[in-house]
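Letters go in sequence order (proteins before strands), and every chain restarts at 1.
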Amino acid sequence: MTDISSQRLNKIISNPPWGATLEIKGWLKSKRDAKDFSFLDVGDGSCVQGLQVIADSSLANYQSEIKKLTSGCSLRIVGVLQKSPAKGQSAELIAQAISVYGWADPDHYPLQKKRQSFEFLRTLPHLRGRTNSMGAMIRIRSRLSYAIHHFFQERGFHQIHTPVITTSDCEGAGEMFTVTSLDLDQLMASPAQQVDFSKDFFGQKAGLTVSGQLEAETYAQAVGNVYTFGPTFRAENSNTSRHLAEFWMVEPEMAFCDLEGDMDLAEELLQYLVADILASCPEDLGLFNSFVDKGLLARLATMQEPFQRLTYSEAIDHLLASKQPFEYPVSWGIDLHSEHEKYLTDSLFHGPVMVSNYPKGIKPFYMRLNDDCKTVAAMDVLIPGIGEIIGGSQREERLDILQQRMADGGVAEEEYQWYIDLRRFGTVPHAGFGLGFERLVLFITGLSNIRDVIPFPRTPGSAAL
RNA sequence: UCCUCGGUAGCUCAGCUGGUAGAGCAGGUGACUGUUAAUCACCCUGUCGGGGGUUCGAAUCCCUCCCGAGGAGCCA
């Protein structure tokens, strides 16, 4: 057992060490038996492709074990890598020894070697990662996560670990999950009508974060450019293919930055990430382009063009001029609905669209009031098939105007004293945005349900594992 | 939460206007083949989502609940 290197399949397949004796470890994807030998398709999760292993009857355990192997069995194989004489693969491993780590009883193992629906795989969150498509998804997801950190780090952004448990609500972001250590059984049994959170673990009401933005702003005004990338929670009863109760969000925040700079960063980030995945995961993307969404690569290519930029008012004009029979009538002041966003991205511009300067009435208090006093310096990035993937704004840095906006919106100043302090002491113009990580993975894989781009999706009524 | 469509074998589905179920794949056995979601033959598989109702009789009709999908709202 000397002179053997255990290697992962992606290395072997991309740069085959012809004639070398190799050790591989993985799971059997499928097996085809011939009279005196078997073809084993073995995968180890490192790439889409498996390696074909030739196991012939001279192996000591051929009759006792090899012939009984079924999909899902885990194996260690030592063999010699050769060029394959048949079509379908360039390399194959001529097995010298095969040992079985674990069997997978075919009467009960739910994964089959044929294609299975994403809907069915969703019922097997502990096993679906072994499929080609989920493996490709997770490799792309992992690489995107890495690329996001790389993008920000090489531009001098500092990562801020904003709290998962928080006592401040990011207004307008959605319903919070309450975090408590109170005994709920006892609470329900007591006659008290009101929960006394001063008796709770933190001495006040706390919840899971709906956004790290407000906390990130504090450090943007300390160390310059920052970003957060962490789990985010929304207790909304949303049952759609684009919403999760627990998702990951990327939120950069930049000091001395205005809305233009914010939009520039958003565009640069998305283009960088698409280019990175095209370069680093071509086989995984190829799988999705072939089996999930034939137009995927073409659509990703549209991301390399400059994004269409228009103001909310211009968007409204386009929608009014479209003569489309919208279910929600269009007029200045409405929030854009899905059908409006789809028209802009899919029908009018056929690519990503950035809409800026929304009416102040439909946006939260912290967005910077424009000189027209009617709009705020907000921006959304809309992309084909998904809709809103980024929402951001320049923040209101002027103390008096911020206080006025809070009063208008019925936001209690006492609860945001620290946020107001940032405007009282050395305030600076600053801006940022939130990028929905799973929506990005949806867009880049071409998958259609957000539950298939996160390993363990949490949605209303569902939190398996 | 609302609207629409679904839930039948391990999976994907068929089963028209009521007469208690079937095909492909998977699995098993055998044959055959440098095979590629291999091929051929044979075999096995079901509380027809749960509960209630109508009927002589319900997978099929009605009510209700649960679950899933698509769309909407909310947003990332």
Side-chain angles (χ1 to χ4, degrees), chain A residues 29-41 49-56 67-68 70-72 82-89 92 94 104-124 132 170-175 209-213 229 231-251 266 291 326-328 335-342 362-364 380-383 386-392 433-443 448-454 459-462:
Chain A
K29 296 163 111 174
S30 75
K31 178 172 68 104
R32 293 173 290 278
D33 290 324
K35 194 173 184 71
D36 292 315
F37 62 102
S38 299
F39 298 102
L40 311 182
D41 252 333
Q49 261 202 293
L51 184 61
Q52 173 156 284
V53 173
I54 313 298
D56 72 39
K67 291 213 78 162
K68 294 174 184 163
T70 52
S71 297
Q82 288 191 353
K83 295 203 173 179
S84 179
K87 286 180 190 161
Q89 63 282 314
E92 59 186 30
I94 312 301
D105 180 356
D107 287 335
H108 300 287
Y109 187 62
L111 297 180
Q112 301 177 3
K113 59 182 172 183
K114 66 168 188 169
R115 266 186 92 181
Q116 287 175 300
S117 68
F118 287 109
E119 192 180 328
F120 170 67
L121 292 175
R122 237 168 268 153
T123 68
L124 303 167
N132 285 339
C170 191
E171 191 242 345
E175 282 298 306
T209 182
V210 293
S211 165
Q213 177 204 316
F229 183 8
T232 309
F233 307 87
R234 305 272 168 94
E236 298 288 342
N237 192 10
S238 297
N239 290 290
T240 81
S241 54
R242 303 183 305 283
H243 288 86
L244 291 165
E246 175 182 292
F247 63 100
W248 288 66
M249 188 152 65
V250 183
E251 295 176 285
F291 298 116
F326 291 122
E327 189 188 339
Y328 292 88
D335 208 349
L336 263 34
H337 290 265
S338 284
E339 55 178 350
H340 306 135
E341 296 178 350
K342 278 201 183 85
I362 57 172
K363 292 292 183 184
D380 284 351
V381 179
L382 313 176
I383 53 173
I386 310 279
E388 185 178 344
I389 195 172
I390 282 178
F433 60 79
L435 164 65
F437 184 59
E438 281 74 18
R439 289 188 181 175
L440 176 71
V441 183
L442 266 185
F443 179 70
S448 51
N449 194 311
I450 202 161
R451 295 161 198 209
D452 298 327
V453 297
I454 187 168
T459 53
S462 173

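- If you take atom C1' in B/A41 and the same atom in B/U47, they sit 33 Å apart, rounded to whole Å.
- For A/Asn449, a side-chain nitrogen or oxygen approaches OP1 or OP2 of B/G70 to under 4.0 Å.
- A/Tyr328 comes within 4.0 angstrom of the backbone, heavy atoms only, and of no base.
- Counting non-hydrogen atoms under 4.0 angstrom, A/Ser71 reaches nothing in the nucleic acid.
- At the heavy-atom level, A/Arg122 lies under 4.0 Å from the strands shown only through sugar-phosphate atoms.
- For B/U36, the base has no donor-acceptor partner in the side chain of A/Asp41 [N/O atoms by modelled type, under 3.5 angstrom].
- Residue-level contact check: A/Glu438 touches neither bases nor backbone, having no heavy atom under 4.0 Å from any strand.
- Proximity of A/Ser117 to the phosphate of B/U12: a side-chain N or O atom is located under 4.0 Å from OP1 or OP2.
- The residue A/Thr123 sits apart from the nucleic acid: no heavy atom pair falls under 4.0 Å.
- If you check every strand for non-hydrogen atoms under 4.0 Å, A/Leu244 touches a base.
- Under the Watson-Crick and G-U wobble criteria, each requiring two contacts below 3.5 Å, nucleotide B/U33 is left unpaired.
- Base pairing annotation: B/A38 forms no Watson-Crick or G-U wobble pair, as no partner gives both donor-acceptor distances under 3.5 Å.
- The phosphate of B/A69 has OP1 or OP2 within less than 4.0 Å of a side-chain N or O from A/Arg451.
- Comparing B/C75, B/A69, B/G34 by their closest approach to the side chain of A/Phe39 singles out B/G34.
- Counting only distance, with no hydrogens or angles, the side chain of A/Ser462 and the backbone of A/Thr459 share no donor-acceptor pair below 3.5 Å.
- When distances run from any side-chain atom of A/Pro106 to the nucleotides B/G28, B/U1, B/U35, the shortest one goes to B/G28.
- Checking B/C74, B/G68, B/A76 against the side-chain heavy atoms of A/Glu119 singles out B/G68 as nearest.
- Using a 4.0 Å heavy-atom cutoff across all strands shown, A/His337 reaches sugar-phosphate atoms only and no base atom.
- For B/U47, there is no paired base (Watson-Crick or G-U wobble, both distances below 3.5 Å).
- Pair assignment for B/U60: none, as no Watson-Crick or G-U wobble contacts are both less than 3.5 Å.
- Across all strands, A/Leu435 comes closer than 4.0 Å to no nucleic acid atom at all (heavy-atom distances).
- Within the 4.5 Å cutoff, the side chain of A/Ile454 has no heavy atoms near those of the A/Phe247 side chain.
- A donor-acceptor pair is defined here as one N or O able to donate and one able to accept, closer than 3.5 Å; such a pair exists between the side chain of A/His340 and the backbone of A/Tyr328.
- A/Phe247 comes within 4.0 angstrom of a base, heavy atoms only.
- Backbone-only contact: A/Asp107 has heavy atoms under 4.0 Å from sugar-phosphate atoms and none from a base.
- Checking the phosphate oxygens (OP1, OP2) of B/A26, no side-chain nitrogen or oxygen of A/Lys114 falls inside 4.0 Å.
- In this structure, of B/A69, B/G73, B/C75, it is B/G73 that holds the atom nearest to the side chain of A/Thr240.
- Ionic pairing of A/Lys31 and A/Asp41 is not present here: no N-O contact between side-chain nitrogen and carboxylate oxygen is shorter than 4.0 angstrom.
- Within the nucleic acid shown, A/Lys342 comes within 4.0 Å of sugar-phosphate atoms alone, with no base atom in reach, counting heavy atoms only.
- Using a 4.0 Å cut-off between a side-chain N of Lys or Arg and a carboxylate O of Asp or Glu, A/Asp335 and A/Lys363 do not qualify as a salt bridge.
- Using a 4.0 Å heavy-atom cutoff across all strands shown, A/Gln112 reaches at least one base atom of the nucleic acid.
- At B/A72, one or more side-chain N or O atoms of A/Arg242 fall inside 4.0 Å of OP1 or OP2 (strictly under the cut-off).
- When distances run from any side-chain atom of A/Asp335 to the nucleotides B/U35, B/C11, B/C75, the shortest one goes to B/C75.
- Using a 4.0 Å cut-off, some side-chain N or O of A/Lys113 falls inside it from OP1 or OP2 of B/A38.
- Comparing B/G15 with B/U33, their P atoms sit 41 Å apart, to the nearest whole Å.
- Taking 3.5 Å as the limit, the base of B/C75 and the side chain of A/Ser238 contain no donor-acceptor pair of atoms between them.
- The base of B/U35 sits with one of its N or O atoms less than 3.5 Å from a complementary donor or acceptor on the side chain of A/Gln89.
- Note that CG of A/Leu440 is 5.5 Å distant from CG of A/Leu435, once rounded to the nearest 0.5 Å.
- A/Pro110 comes within contact range of no nucleotide atom at all, as no heavy-atom separation falls under 4.0 Å.
- The same atom, P, is picked in B/U64 and in B/G57; the two are 23 Å apart, to the nearest Å.
- With C1' as the reference atom, B/G46 and B/A21 are 9 Å apart, rounded to whole Å.
- Rounded to whole angstrom, the span from the CD1 atom of A/Ile450 across to the P atom of B/A76 amounts to 12 Å.
- Counting non-hydrogen atoms under 4.0 angstrom, A/Glu327 reaches nothing in the nucleic acid.
- With P as the reference atom, B/G19 and B/U4 are 28 Å apart, rounded to whole Å.
- An OP1 or OP2 oxygen of B/A38 is reached within less than 4.0 angstrom by a side-chain nitrogen or oxygen of A/Arg32.
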